[in-house]
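Heads up: the structure comes next, in structure tokens.
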Amino acid sequence: MKRMFTSIAVAGAVAGGLAVSFSADAARAAGPTDQDIQKDAETPGDVLTYGMGLQGQRHSTLKTINTETIKKMVPVWAFSFGGEKQRGQESQPLVHDGVIYVTGSYSRLFALDARTGEKKWQYDARLPEGIMPCCDVVNRGAAILGDKVYFGTLDARLVALNKDTGKVVWNKKVADYQAGYSMTAAPIIVNGKIITGNSGGEFGVVGAVEARDAETGELVWTRPTVEGNMGTLNGKESTMTGTKNASWTGDLWQTGGGATWLGGTYDAETNSIFFGTGNPAPWNSHLRPGDNLYTSSTLAINPDNGEIKWHFQTTPHDGWDFDGVNEFISFDLKKDGKVIKAGAKADRNGYFFVIDRTNGKLQSATPFVTQTSWATGFDLKTGRPIYNDANRPPNPMDGGGAAAGQGKPIFAAPSFLGGKNWMPMAYSPDTDLFYVPANEWGMDIWNEAITYKKGAAYLGAGFTIKPLFDDYIGALRAIDPKTGKIVWEYKNPAPLWGGVLTTAGNLVFTGTPEGYLKAFDAKTGAEVWKFNTGSGIVGSPITWEMDGEQYVSIVSGWGGAVPLWGGEVAKKVKDINQGGMLWVFKLPKA
Amino acid sequence: MIGTVLGRLFVAAALLMPVLAPAAAASLDTVMSRGVLRVAVYRDFAPYSHRDGGTLKGTDVDLAAAVADKMGLRVEFMELTADENMDDDLRNAVWKGSVLGGGVADVMMHVPVNRAFAQRNDLVVIFGAYQRETYAIARDPARVSDTAGFPVFQTEKVGVELDTVPDFYLSGAFGGRLAANVVHYPTVGQAVAGLRAGAVAAVFAPLSELEGALRSAGGDKFPIKPMPAPNLNPSEWSIGMAVKQDGHDLAYRVGDVMTELLESGTVKEIYARHGLTHNRPVE
């Protein structure tokens, strides 16, 4: 800091005539504050957070573009991420002071002039050999505070760059990529702390939420997600997560899973951050009796010290790979004349949960997909699922598998890719509806006769993902959180894999693998606009206001986990070309 | 003869168009005219392939070098990070390459030879079994006697590599009665370190991995022997190699060379050099 100040002072002294532009530069260098970030959802002139507000509602108050005017909306410019490096573009752009910050596949970050699309700078993380990211080389977005933009890389580092120059300010190793860790989620910033989860790592990983000083990158606290593990605060042990061995046998809590790879949301009213946790390890649920807390759960955490306030486990003792990482979106539930401070989560397991965000108490759990074979419902008193035991994948040790050839398959729905995967839903306080990008698929799962891991025999499961219907897999559904009822739905042939945006212009936006950015009437679901971006969309749309006009933007570029799986699903997506492009739209000037 | 001419033509074409097809897996002719055999081995996988003071060492490394030498080729190694399962590894090593680039190898080492597995992976040819892997117990003789069976682990702790057949077996067999005494380690090497430190009384793992970890530093203190394991399945499997599906001619040649090396005792020598027992696969 001191050195930078000196060099600016020298420049000022030498070229006194530049005083005016210098002060403008100084203003730009200041960048957004913690207060700006906290009220991001109310300031349509910028997009400072992943989720368009720390609560993650993905709602904009803008309405210049609405169900009537959108028919005229056209592209303004587009920007190619270039190079040979394409693949899945799952990013959500940020906008600040006329600059768009957008991340691309292979851990790249671009700063673009929001008016013209001209590139200001580009940062390419130098990735080491030997990284093995699960499920494609994606990145979901950046964070911004003051003069720095931040993003995570595939080799599990957190990088802070000067927002005006793209120069590295600090670059911290968050976890060991050689142990299989990576970082693909967008960080969130709460009161000067940059908060991240961990991702990847099939072997011996325990999930954690971590807070660092955004200025220096120094670790402030860590909170492991599996009970029995110790948290830290200011370099010292703080408290244990849960109670050791309360819901795990033996030493399995040391390697229990629960990765927090999708990042989190924050609610200022309750001063809580919400992180979802991944499924437990090992995959064979018969080897780890118990609930396996806090895997496949949502955790409410105090951002000041990393203490867990409450948890809600969406899939206790998971046996289907129902990762619980999905976003928890805070909203006011207006029901029976009362307003409940609530939050909602559409889980991999096919249930839409409404939870009191002050205490973690379940308000309702309703299916948002047509089949949930693993459970018949949730008991609202206990907050637990009513399992269908016959639908739990069998234990390979019980035979029928390795010894006698392939075991008998069971059919479970949703598939492990989930009723909803990573792609974030949106909530509109105008319609009081959630807009959930869902998928209708199940899986045949059986004990594989023989499978191998690193040259050694292994008792694995075989599976085939199967669409439930011939004519569609994806379904964008408007859900009333008061009743759990589906108000409208849009069916899409290929699985939906991109985020959702809703606006006060009575619009809902989402992208499709077929390449279209589409807009729907938020109340009726009628499709009112579409534009083909040239490759599949798996990113999240945004909107903002600049020079008195409303803009919409989306990244296009097919990839993510879907193309990695074959079978029936592949038929719907095999002809989609790769890409890597940011598109920007607005209404033509009258 | 024809093969050689075609091979030369291919090289000439490659020189004229250097930007095309980076390191695509090749047929026998291409490999022979290139003069280099590219071999994929696992990263950090002692005693088969691992870095020791920066140098790549291990039985798979020496075997691949011996094969290349017999063919009059130089050997080049591609180190492979293990993916979730071997079906993924075959894709990354020989038929498609990693999404992160780096191309593919001509031959991958340490590929299990099993009909069902080969049928499932029809984009590769699996051949040339050179080792039969079995499981064994390394024990602290003060805590586990020579004649003890698995029931001893009702009272003594036993180390396993997480999420492996020994893990599943000990956690699930005997009605789950041993589960509380199973100690999980990320690698066999770390489990053996636990044995040395007294954290566990024994380690249950593949024989050659135990031998590799123990023989390297005074392992004689900890005898290694199979332990009768009812219903352990599979209790053994064969290890060979793989090439891309269109590389049948390369597979025949490399397979023949491997047979020669097995017959001449070279494979056994290489295993012995690394302190390992070589078990020839059953034909």
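Just so it is clear: chains get the letters A, B, ... in the order the sequence lines come, proteins before strands, and each one is counted from 1. Just so it is clear, the values below take in all heavy atoms, side chains as well, and ignore hydrogens, waters and symmetry mates.
Residue B:N181 does not touch chain A at all, counting heavy-atom pairs closer than 4.5 Å. If you measure heavy-atom distances from B:V183 to chain A, the contacts under 4.5 Å come from both the backbone and the side chain. Interface remark: A:Q178 contributes no atoms to any contact with chain B (heavy atom separation under 4.5 Å). Residue contact with chain A, scored on non-hydrogen atoms closer than 4.5 Å, involves the backbone and the side chain of B:N85 alike.
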Handout entry: Check against side chain to side chain donor-acceptor pair (under 3.5 Å), B:D163 and A:Y458
Key = CA-CA 8 Å; B:D163 215 16; A:Y458 181 69; 3.1 Å; yes

Exercise for the section: Show your reasoning for whether side chain to side chain donor-acceptor pair (under 3.5 Å) applies to A:S247 and A:E227. Expected result: CA-CA 8 Å; A:S247 63; A:E227 62 175 19; 2.6 Å; yes

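Top candidate by heavy-atom pairs under 4.5 Å with chain A, chosen from B:V99, B:D167, B:V182, is B:V99. In terms of non-hydrogen atom pairs under 4.5 Å with chain A, the most contact-rich of B:N114, B:T164, B:I239 is B:N114. Between chain B and the options A:L154, A:I131, A:L127, A:D136, heavy-atom pairs under 4.5 Å are most frequent for A:I131.
Each of B:R43, B:R51, B:H50 was checked for a side chain to side chain donor-acceptor pair (under 3.5 Å) with B:E79, and the lone residue meeting it is B:R51.
Ring pair B:Y135/B:Y169: centre-to-centre distance not below 6.0 Å.
Atoms CZ and OG, on A:F151 and A:S107 in that order, are 5.5 Å from each other to the nearest 0.5 Å.
A salt bridge is absent between A:K453 and B:E84; no separation between the charged side-chain nitrogens and carboxylate oxygens falls under 4.0 Å.
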